[in-house]
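Structure, as structure tokens:
Numbers here are sequence positions counted from 1. Both ligands and their constituent atoms are indexed starting at 1 by order of listing.
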Amino acid sequence: MQNILNDIILSNKKCTANGKVASYIPELKNANIDDLGICVIDKDNNIYCAGDYKKKFTIQSISKPIILAMALMDNEWHHVFSKVGMEPSGDPFNSIMKLETNDTKKPCNPMINAGAIVTTALIKGKNLQEKEERMLSFFRKLAKNNSLEINKSIYESEKLTGDRNRAMGYLLKNDGFIEGDVEETLDLYFKQCSIEVDVVDLARIGLLFSNYGIDIETGERVISENISRMVKTFMVTCGMYDASGEFALRVGIPAKSGVGGGIMASVPRKMGIGVFGPALDEKGNSIGGLNILEDLSNKLELNIF
Ligand code: GLU
């Protein structure tokens, strides 16, 4: 496995030159475009890392499946899906269009920004501080890493410039999909996106979903089997922005990407995978990350279809 990962990183390193680092959140511009790293943790808890695996980056939209799991644990499912849909949007992650043109005006799914703002509003807690503490401790539990923290400068950068998300938040409140204080919901949303991780953290989280919510080391059930299944299903249908169909065909692994350059992938009953490469394609997916996952899927026959 180690040799396979070393080879895959080496052969895909050059394609990072074809992408661009996200810049619409000003602080993300500081990433190093050439970085490329991977971690695989298999079902026997063997950990394999290659490339720039020590680099830290913000989780960004990879927080969305985790917040979905939390919203489903905090609420009745029918309540959650009365506020957010189950269908791919086919639009960019930050599109506002279907909130007006859909018959129901409901966000299409929880993997796009509008849907994730809704699931964030469903997180329970008596005030913002309690919600933030609950959220961070859930991320830490999934990653089995108590040192996960919010990157303050990225959070502030995003909060300062996140007017498109702010617009969506107010529209969603107006149409009855979120209740309570919009600014508080957005604050929690910006914070979840700014949690700093590395590829090992992502592989751990992917492994938990791949093992249907049971921690393989302790045997503890962290997330129900059904919720784990739902989250992986959303990852397949909506996890890779509006390139989810092509990714399902080329790679065939449940995965979720973020504009920080990370991808968290979960191969049912086999392994969790974290990859990082901040050079993004025009849809917002890591160029190196996509190629690495395609090569790995082919080499190890990981395609679930
Ligand atoms: N924080 C980012 C935003 O809301 C997340 C986008 C992403 O990673 O897809 O714009």
Side-chain angles (χ1 to χ4, degrees), residues 19-31 56-68 84 88-99 107-121 132 135-136 139 150-172 178 182-197 199 201-202 205 234-235 237-244 247 255-265 274-287 289-290:
K20 284 202 178 93
V21 166
S23 57
Y24 75 101
I25 300 171
E27 277 287 312
L28 290 182
K29 273 201 300 248
N30 302 332
K56 299 235 183 267
F57 51 94
T58 50
I59 193 163
Q60 296 299 335
S61 273
I62 306 166
S63 59
K64 291 178 168 78
I66 301 165
I67 292 294
L68 170 65
V84 62
S89 69
D91 296 326
F93 65 95
N94 58 1
S95 175
I96 210 160
M97 194 166 56
K98 289 211 167 75
L99 294 183
C108 295
N109 67 72
M111 299 295 122
I112 53 173
N113 288 9
I117 293 169
V118 165
T119 48
T120 302
E132 185 184 328
M135 174 189 82
L136 198 54
F139 277 68
I150 292 163
N151 179 318
K152 291 278 181 312
S153 51
I154 294 200
Y155 155 68
E156 276 158 17
S157 178
E158 185 163 354
K159 190 166 172 145
L160 202 67
T161 56
D163 289 330
R164 179 173 266 273
N165 289 326
R166 201 160 279 119
M168 281 187 234
Y170 282 99
L171 204 49
L172 289 163
I178 63 177
V182 179
E183 288 300 329
E184 275 197 12
T185 298
L186 289 166
D187 195 62
L188 197 61
Y189 173 78
F190 295 138
K191 282 183 170 135
Q192 72 185 243
C193 293
S194 307
I195 294 174
E196 204 164 52
V197 291
V199 287
D201 297 318
L202 295 185
I205 298 169
F234 274 117
M235 285 163 69
T237 55
C238 319
M240 302 299 285
Y241 304 122
D242 43 333
S244 299
F247 186 82
K256 180 75 197 89
S257 64
V259 294
I263 304 177
M264 181 266 287
V275 300
F276 170 59
L280 307 180
D281 65 14
E282 67 288 351
K283 304 252 163 129
N285 289 312
S286 165
I287 287 204
L290 290 179

Between Thr58 and Asn151, does any side-chain donor sit less than 3.5 Å from a side-chain acceptor?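 Looking only at side-chain atoms, Asn151 and Thr58 do not form any donor-acceptor pair under 3.5 Å.
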Distance to 0.1 Å, residue and atom name: give those for the protein heavy atom nearest to atom 4 (O) of ligand 1.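 I find the closest protein heavy atom is Tyr189 OH, 2.7 Å.
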Among protein heavy atoms, which lies nearest atom 5 (C) of ligand 1, and at what distance?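 Ranking protein heavy atoms by distance from atom 5 (C) of ligand 1, first comes Gln60 OE1, 3.3 Å.
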Which atoms of ligand 1 have any heavy atom of [X] under 4.0 Å away?
X      : answer
Asn165 : 3 (C), 4 (O), 10 (O)
Glu158 : 1 (N), 2 (C), 3 (C), 4 (O)
Tyr24  : 2 (C), 3 (C), 5 (C), 6 (C), 10 (O)
Gly258 : 8 (O)
Cys193 : 1 (N)
Tyr241 : 7 (C), 8 (O), 9 (O)
Asn113 : 3 (C), 4 (O), 10 (O)

Classify the contact between [X] and ligand 1 as side chain, backbone, both or neither, using a heavy-atom distance cut-off of under 4.0 Å.
X      : value
Phe190 : neither
Val259 : both
Ser61  : both
Arg164 : neither

Answer yes or no: is there a side-chain heavy-atom contact under 4.5 Å between [X] and [Y]?
X      : Y      : answer
Lys20  : Asp281 : no
Tyr189 : Asn113 : yes
Arg166 : Lys159 : yes

Evaluate the criterion side chain to side chain donor-acceptor pair (under 3.5 Å) for residue pair Asp187 and Thr185; output intermediate values, then yes/no. CA-CA 5 Å; Asp187 195 62; Thr185 298; over 6 Å; no
What verdict does the side chain to side chain donor-acceptor pair (under 3.5 Å) test give for Ser61 and Lys64, after you've listed the backbone C-alpha separation in whole Å, the side-chain angles of each residue and the deciding distance to 0.1 Å? CA-CA 5 Å; Ser61 273; Lys64 291 178 168 78; 2.6 Å; yes
Restricting to non-hydrogen atoms, name the atom on Ala114 and the atom on Leu172 that form the minimum distance, rounded to 0.1 Å.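 Looks like O-CD1, 3.5 Å.
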Relative to Phe234, does Lys256 satisfy both conditions: NZ or CZ under 6.0 angstrom from the six-membered ring centre, and within 45 degrees of the ring's axis?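 Because its charged atom misses either the 6.0 Å distance or the 45° angle limit, Lys256 does not stack over Phe234.
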Check whether any N or O atom of Ser257, backbone or side chain, sits under 3.5 Å from an N or O atom of ligand 1, and answer yes or no.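 Not met; the criterion fails.
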Ring centroids only, cut at 6.0 angstrom: are Phe190 and Tyr155 within range, meaning strictly under it?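 Ring centres of Tyr155 and Phe190 not closer than 6.0 Å.
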